[in-house]
Asker: 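The following block contains the structure, expressed as C-alpha cells.
In listed order, ligands and their atoms are each counted from 1.
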Amino acid sequence: MTMKPLDLFGIDALLSDEERDIQATVRRLVDERLRPQLPEWFESGTLPKEIARELGGLGLFGMHLQGYGCAGTNAVSYGLACLELEAGDSGLRSFVSVQGSLSMFSIHRYGSEEQKQEWLPRLASGEALGCFGLTEPDFGSNPAGMRTRARRDGADWILDGTKMWITNGSLADVATVWAQTDDGVRGFVVPTNTPGFTANTVHGKLSMRASVTSELVLDGVRLPVSAMLPEARGLGAPLSCLNEARFGIVFGALGAARDSLETAIAYAGTREVFDRPLAGYQLTQEKLADMTLELGKGMLLAIQLGRMKDRGEISPDQISVGKLNNVREAIAIARECRTILGANGITLEYSPLRHANNLESVLTYEGTSEMHLLSIGRALTGHAAFR
Ligand SMILES: Cc1cc2nc3c(=O)[nH]c(=O)nc-3n(C[C@H](O)[C@H](O)[C@H](O)COP(=O)(O)OP(=O)(O)OC[C@H]3O[C@@H](n4cnc5c(N)ncnc54)[C@H](O)[C@@H]3O)c2cc1C
C-alpha cells in the first residue's frame with residue numbers, strides 16, 4: 001500500500017468539507033476537460049478563449065470576491081483552485097489569476113459602482129476577459145519609473161504609452177492600465193476596442209506557452225473621465241492587486257510540483273533499469289523523499305498563509321515568504337522529476353519539464369525572487385536594499 005506525497009502530511013484534515021469539495025471539482029475539471037489538450041496548447045503556443053465560459057460557469061473567476069456574480073469563497077478555497085489549475089498548467093492558473101485577482105480585483109477594490117456593474121458580472125461569468133497592464137518594456141521590477149502617461153484634454157483623458165508582458169492582453173475585452181498623471185499613478189478601465197489601443201501577441205516564448213502574453217500600445221487613447229478608477233491613488237493600488245495574485249501563486253506553484261512528483265513516482269514504478277523498477281533504487285527514493293518534504297512544507301505554509309488571509313491578518317511580506325519559497329521549491333521539484341523520467345522527460349508526453357519551463361515565468365512575474373528576497377530582508381533589518 002503506497003501513499004500520496006501530501007497524505008504523509010495529513011493535509012486533507014486541515015481543510016473543511018467545502019474546501020475539499022471545491023478542490024475536487026477543479027481537479028476533475030482539469031483532469032477530464034483540460035489536461036488532454038494542454039500539451040497541444042503548449043506546443044502551439046495558445047490558450048483558447050473559449051475555455052473562459054467553462055471556468056466562469058464553475059465560479060472560478062474572482063471566486064474570492066463578494067457580490068457582482070462572484071462566488072465569494074474564502075482565500076484557502078481560492079488557493080486550492082489555483083493549485084489544481086496549475087497542476088494542469090501554469091498558463092491555466094495565470095488565465096484565472098489575471099482575470100480574478102488583477103483585472104476583477106482592481107475594479108472591485110478601486111472602481112466606481114458604475115464600473116463594477118458594467119464589468120464584474122461579465123468578467124465573473126467569462127463572457128468578457130480582462131487584463132492588467134503595469135509592466136513596461138523598461139520598467140518591470142521598478143514600476144515607479146513607468147512612462148505611460150494620462151493627461152486631461154477637456155472632459156477626457158488621453159493615454160499614451162506601451163505596456164509589456166501582459167497576460168491575456170490580446171484576448172481581453174477590458175484592460176486595467178496604470179499611468180502617470182499630474183496627480184501620481186492612477187488606474188484606468190480601458191475597453192480594448194477603444195481607438196488607439198492595440199495588443200500585439202508575444203511569440204517565441206520558451207515558458208508559459210499555453211498562455212497569451214502581449215504588448216499593449218496606447219496611442220492617444222481617449223477615455224471619458226469616468227474611466228479612471230476613483231479609489232486607486234498611487235503605486236500602492238496596483239501593488240495591492242499584485243499581492244492578491246501572488247497569494248494564488250503560493251498555492252498554484254505547488255500544483256505544478258505535485259503533478260510533477262506524482263508523474264515521476266508513477267514513472268519510476270514502471271520503468272525498469274538494470275532489471276528492476278527505478279522506484280526500488282535508493283538514489284531515486286532519496287529524490288522522491290526530499291521532494292515530498294519540500295512539497296508538504298510548502299503546502300503547510302500555503303494553508304497557514306491562507307488562514308491568515310481569511311482572518312484579515314496577512315501582510316505583503318508574509319505573502320513574499322510564501323511566493324518566494326513555494327515557487328523556488330516547485331521549480332526545483334519539477335526539474336528533479338524530469339531527471340527521473342530520463343529522455344522521456346524532455347517530451348510533451350510528460351508534464352515535469354513543461355511545468356519547470358512555466359515556473360521560470362512564475363519565478364519572474366508578480367515580483368521576481370530577488371524582489372521578494374529584498375522585501376524579506378527589509379522586514380528583517382529595517383534597511384531597504386532595493387536601490
Ligand atoms: C509570462 C509573463 C506574464 C506576465 N504577465 C504580466 C501581466 O499580466 N501584467 C504585468 O503588468 N506584467 C506582467 N509580467 C511582467 C512581470 O511582472 C515582469 O517581467 C517582472 O516584474 C520583472 O520585470 P522585468 O522582466 O522587467 O525584469 P527586470 O526588472 O529588468 O529585472 C531583471 C533582473 O534584475 C533583477 N533585479 C531588479 N532589480 C534588482 C535589484 N534592486 N537588486 C537586485 N536584482 C534586481 C530582477 O530580480 C531580475 O532578476 C509578466 C511576465 C511574464 C514573463
Asker: For Ser101 and Tyr78, test the side chains for any donor-to-acceptor distance below 3.5 angstrom and give the result as yes or no.
Answerer: yes
Asker: Could you tell me whether Val98 and ligand 1 have an N or O pair separated by under 3.5 Å?
Answerer: no
Asker: Show which atoms of ligand 1 fall inside a sub-4.0 Å distance from at least one heavy-atom site of Leu134.
Answerer: 11 (O)
Asker: Side chains of Ser207 and Ser361: any donor to acceptor distance under 3.5 Å?
Answerer: yes
Asker: Is there a polar contact, in the sense of an N or O pair closer than 3.5 Å, between Glu136 and ligand 1?
Answerer: no
Asker: Decide whether an N or O pair under 3.5 Å exists between Tyr365 and ligand 1.
Answerer: no
Asker: What do the steps show when you test Arg258 against Glu86 for salt bridge (Lys or Arg N to Asp or Glu O under 4.0 Å), and what is the final call?
Answerer: CA-CA 10 Å; Arg258 188 197 68 197; Glu86 199 149 355; over 6 Å; no
Asker: Which one holds for Asn168 and ligand 1: side chain close, backbone close, both close, or neither close, with close meaning a heavy atom under 4.0 Å?
Answerer: neither
Asker: Can the positive tip of Arg338 be found less than 6.0 Å from the middle of the six-membered ring of Tyr350, inside 45° of the ring normal?
Answerer: no
Asker: Could you tell me which atoms of ligand 1, counted from 1 in the order shown, lie closer than 4.0 angstrom to a heavy atom of Phe132?
Answerer: 7 (C), 8 (O), 9 (N), 10 (C), 11 (O)
Asker: Are there protein heavy-atom neighbours of atom 32 (C) of ligand 1 below 4.0 Å?
Answerer: no
Asker: I need the atoms of ligand 1 closer than 4.0 Å to a non-hydrogen atom of Ile166, numbered in the order shown.
Answerer: 7 (C), 8 (O), 9 (N), 10 (C), 11 (O)
Asker: With backbone taken as N, CA, C and O and side chain as the heavy atoms from C-beta onward, which portion of Thr368 lies under 4.0 Å from ligand 1: side chain, backbone, both, or neither?
Answerer: side chain
Asker: Under a 4.0 angstrom heavy-atom cut-off, which atoms of ligand 1 come close to Ser361?
Answerer: 1 (C), 53 (C)
Asker: To which protein heavy atom is atom 23 (O) of ligand 1 closest, and what is the distance rounded to 0.1 Å?
Answerer: Gly140 CA, 3.2 Å
Asker: Below 3.5 Å, N or O to N or O, backbone or side chain included: is there any such pair between Leu374 and ligand 1?
Answerer: no
Asker: Between Asp259 and His355, does any side-chain donor sit less than 3.5 Å from a side-chain acceptor?
Answerer: yes
Asker: Just wondering, are more than 12 heavy atoms of other shown residues or ligands nearer than 6.0 Å to CZ in Arg149?
Answerer: yes
Asker: Looking at the rings of Phe188 and Trp157, which for Trp means the six-membered one, are their centres under 6.0 Å apart?
Answerer: yes
Asker: Purely on distance, is any nitrogen or oxygen of Thr213 under 3.5 Å from one on ligand 1?
Answerer: no
Asker: Which class fits the ring pair His64 and Phe105: parallel under 30°, tilted 30 to 60°, perpendicular over 60°?
Answerer: parallel
Asker: How far apart are the closest heavy atoms of Ala199 and Ser170, and which atoms are they?
Answerer: CB-CA, 3.8 Å
Asker: Among all protein heavy atoms, pick out the one at the shortest distance from atom 12 (N) of ligand 1; state its residue, atom name and that distance to 0.1 Å.
Answerer: Thr135 OG1, 2.7 Å
Asker: Got the closest protein heavy atom to atom 28 (P) of ligand 1, with its distance?
Answerer: Ser141 OG, 3.7 Å
Asker: Is any N or O atom of Leu102, backbone or side chain, closer than 3.5 Å to an N or O atom of ligand 1?
Answerer: no
Asker: Within the protein, is there a heavy atom lying under 4.0 Å from atom 16 (C) of ligand 1?
Answerer: yes
Asker: For atom 8 (O) of ligand 1, which protein heavy atom lies nearest, and how many Å away is it?
Answerer: Thr167 N, 3.0 Å
Asker: Just by distance, no angles: are the side chains of His108 and Gln66 close enough, under 3.5 Å, to form a donor-acceptor pair?
Answerer: no
Asker: Determine if the distance from atom 43 (C) of ligand 1 to the closest protein heavy atom is below 4.0 Å.
Answerer: no
Asker: Could you point out which residue of Val190, Thr194, Asp219 forms a side-chain contact (heavy atoms from CB on, under 4.5 Å) with Leu159?
Answerer: Val190
Asker: Looking only at protein heavy atoms, which one is nearest to atom 25 (O) of ligand 1, and how far off is it?
Answerer: Thr364 CG2, 4.4 Å
Asker: Would Arg186 count as a cation-pi partner of Trp178, with NZ or CZ less than 6.0 Å from the six-membered ring centre and within 45° of the ring normal?
Answerer: no
Asker: What residue and atom, counting heavy atoms only, is the protein's closest point to atom 50 (C) of ligand 1, and at what distance?
Answerer: Trp165 O, 3.1 Å
Asker: Check the pair Arg147 / Asp160 against salt bridge (Lys or Arg N to Asp or Glu O under 4.0 Å), numbers first and verdict last.
Answerer: CA-CA 9 Å; Arg147 294 204 183 104; Asp160 286 289; over 6 Å; no
Asker: Mark up the atoms of ligand 1 that fall under 4.0 Å of a heavy atom belonging to Met371, in ascending order.
Answerer: 36 (N), 37 (C), 38 (N), 39 (C), 40 (C), 41 (N), 45 (C)
